[in-house]
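All values derive from a computational prediction rather than experimental measurement.
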Amino acid sequence: DDLGKRTAADDVQTSSDEALIGVFGAFSETRDVDALSAIFPFVGSDRLAIRSAAREALRAYGEAAAPRIRAEYINLGGAIPFGVSPSTADLLASYFAMRDELRLHDVVALFDRGRLTSKTDLPAGVADLDAALAREPLLERRKEAAPIYVQYAHMLAEADRKSAREYDLKAMRVADAGSLDANRAASALAFFEADDLRARGIVDRNGYAHALALDPQNEDAKNALAEIDAEKKSRDDKLRKTEAAVAACVAVTALFIAALLFWARKPRDQ
């Protein structure tokens, strides 16, 4: 009362997520049905922690909340077949699924716009995908962004390798493990690492070979390996020529010394 919080609606008026989660915990213990009206608005919150706490509070109410949950579900457009009495758990699952569908409607629309836009304006499309996944990082369709992120990373590779790395990492996060897109992104990252070492004078042929093994279509890795092999062949050829020249020089020198010794030992005419 001293804080001016006389109703459940007052209790949830706080800017602190931690305090709000604590309020939901208190509601789940008291199970006051009058507090249900203060919980329902947060079931579809964009903040995962708040959304989870609100849903957990409703689960804690159990059968006491069933009539209100049923009413909320129907008000949102949900249908319950005539003569069917779903359990509270099933009713909650259906209600939460509908709230998620409504919550994600705008996110999915933004995600779809990004996919479509990327076909004609890659940077703008990527910006939409980033915005959608920032709002819902675990969006079920997130893997559809992977090939677009890989394409964008490849576009950035020459001018902005740091950003290219970031988008290859994003592609790996949203792609299925071991998928073509995940391997392409991993291949690009392996190439960057080997290339950075090469720029410092450390030639890591295995690094380029690993990049090519992950993605046989990685032309940068192919070219790097071809250059390294050509340079090695050139060095080997030079070494062989040098060794042959040294051997020839040694042979000529040996013949010359042998000739000197022969003439030195030859008896002179009296």
Side-chain angles (χ1 to χ4, degrees), residues 15-18 20-21 24 39-59 76-78 92-193 196 211 214-215 217-218 220:
S15 59
S16 168
D17 285 1
E18 184 178 357
L20 185 55
I21 291 171
F24 290 146
I39 299 175
F40 282 115
F42 295 94
V43 171
S45 173
D46 285 337
R47 292 171 290 175
L48 177 59
I50 298 301
R51 185 168 71 248
S52 298
R55 295 184 181 196
E56 192 57 38
L58 286 182
R59 291 190 185 96
L76 288 178
L92 272 174
S94 297
Y95 173 61
F96 292 159
M98 182 167 286
R99 290 298 300 265
D100 283 337
E101 183 179 348
L102 293 172
R103 176 175 59 85
L104 295 175
H105 180 271
D106 291 343
V107 174
V108 171
L110 182 59
F111 187 84
D112 284 337
R113 189 179 76 182
R115 291 178 61 249
L116 182 62
T117 302
S118 67
K119 296 177 181 179
T120 55
D121 187 344
L122 187 55
V126 167
D128 283 343
L129 292 175
D130 283 347
L133 292 176
R135 290 177 57 183
E136 188 58 36
L138 299 179
L139 186 70
E140 188 173 353
R141 292 174 51 201
R142 62 189 179 280
K143 65 182 178 182
E144 296 175 28
I148 300 172
Y149 281 155
V150 170
Q151 182 184 358
Y152 190 53
H154 185 72
M155 187 185 82
L156 294 173
E158 289 296 328
D160 188 353
R161 184 163 288 189
K162 179 181 178 182
S163 294
R165 275 191 169 97
E166 291 174 357
Y167 277 96
D168 277 321
L169 287 171
K170 283 186 179 183
M172 291 184 68
R173 283 197 295 269
V174 300
D176 289 335
S179 66
L180 175 62
D181 294 318
N183 287 342
R184 289 177 63 197
S187 174
L189 291 170
F191 169 79
F192 291 151
E193 184 176 350
D196 288 346
L214 287 167
D215 178 16
Q217 303 303 316
N218 189 327
D220 291 331

Atom [atom1] in [X], atom [atom2] in [Y]: separation rounded to 0.5 Å?
| X | Y | atom1 | atom2 | result |
| --- | --- | --- | --- | --- |
| L133 | R141 | CG | CZ | 10.5 Å |
| R142 | L129 | CZ | CG | 14.0 Å |
| L58 | L92 | CG | CG | 6.0 Å |
| S45 | I50 | OG | CD1 | 6.0 Å |
| R165 | L189 | CZ | CG | 7.0 Å |
| E140 | L104 | CD | CG | 9.5 Å |

> With a 4.5 Å limit on heavy-atom distance, are the side chains of R103 and R51 in contact?
Replying inline: yes

> With a 4.5 Å heavy-atom cut-off, do V108 and L139 have their side chains touching?
Replying inline: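 Heavy-atom side-chain distance check passes, below 4.5 Å.
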
> Which residue pairs satisfy the side chain to side chain donor-acceptor pair (under 3.5 Å) criterion with at least one member in residues 174-183, sequence neighbours excluded?
Replying inline: K143-D176

I need the full list of ring-ring contact (aromatic ring centres under 6.0 Å, His included) pairs touching [range], with sequence neighbours left out, sorted by first then second residue.
| range | result |
| --- | --- |
| residues 133-160 | Y149-Y167, Y152-Y167 |
| residues 125-145 | none |
| residues 93-125 | F40-Y95 |

> Is it true that atom CD of E193 has more than 12 heavy atoms of other residues, nucleotides or ligands lying nearer than 6.0 Å?
Replying inline: no

> Taking only residues two or more places apart in sequence or in another chain, which ones pass ring-ring contact (aromatic ring centres under 6.0 Å, His included) with F42?
Replying inline: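 Partners of F42 under the ring-ring contact (aromatic ring centres under 6.0 Å, His included) test: F24.
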
> Under the side chain to side chain donor-acceptor pair (under 3.5 Å) test, which residues partner D17, sequence neighbours left out?
Replying inline: R47

>> According to side chain to side chain donor-acceptor pair (under 3.5 Å), who are the partners of S52, at least two apart in sequence or on a separate chain?
In response: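 With neighbours one apart ignored, the set is empty.
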
For [X] and [Y], work out which heavy atoms get closest and say how close.
| X | Y | result |
| --- | --- | --- |
| A49 | I21 | CB-CD1, 4.0 Å |
| A132 | L110 | N-CD2, 3.6 Å |
| R99 | P41 | NH2-O, 3.7 Å |
| M98 | G77 | CE-C, 4.0 Å |
| D168 | A153 | OD1-CB, 3.4 Å |
| A54 | V43 | CB-N, 4.1 Å |

For [X], what residues pass the side chain to side chain contact (heavy atoms under 4.5 Å, CB included) criterion, not counting sequence neighbours?
| X | answer |
| --- | --- |
| S16 | T14, E18, A19 |
| Q151 | L122 |
| R173 | L169, K170 |

>> Can you list everything that forms a salt bridge (charged side-chain N to carboxylate O under 4.0 Å, His left out) with R55? Sequence neighbours excluded, please.
In response: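 Counting only residues at least two positions away or on another chain, R55 forms a salt bridge (charged side-chain N to carboxylate O under 4.0 Å, His left out) with D100.
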
>> With salt bridge (charged side-chain N to carboxylate O under 4.0 Å, His left out) as the rule and sequence neighbours excluded, what pairs involving residues 116-129 come up?
In response: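 Those involving residues 116-129 are R113-D128.
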
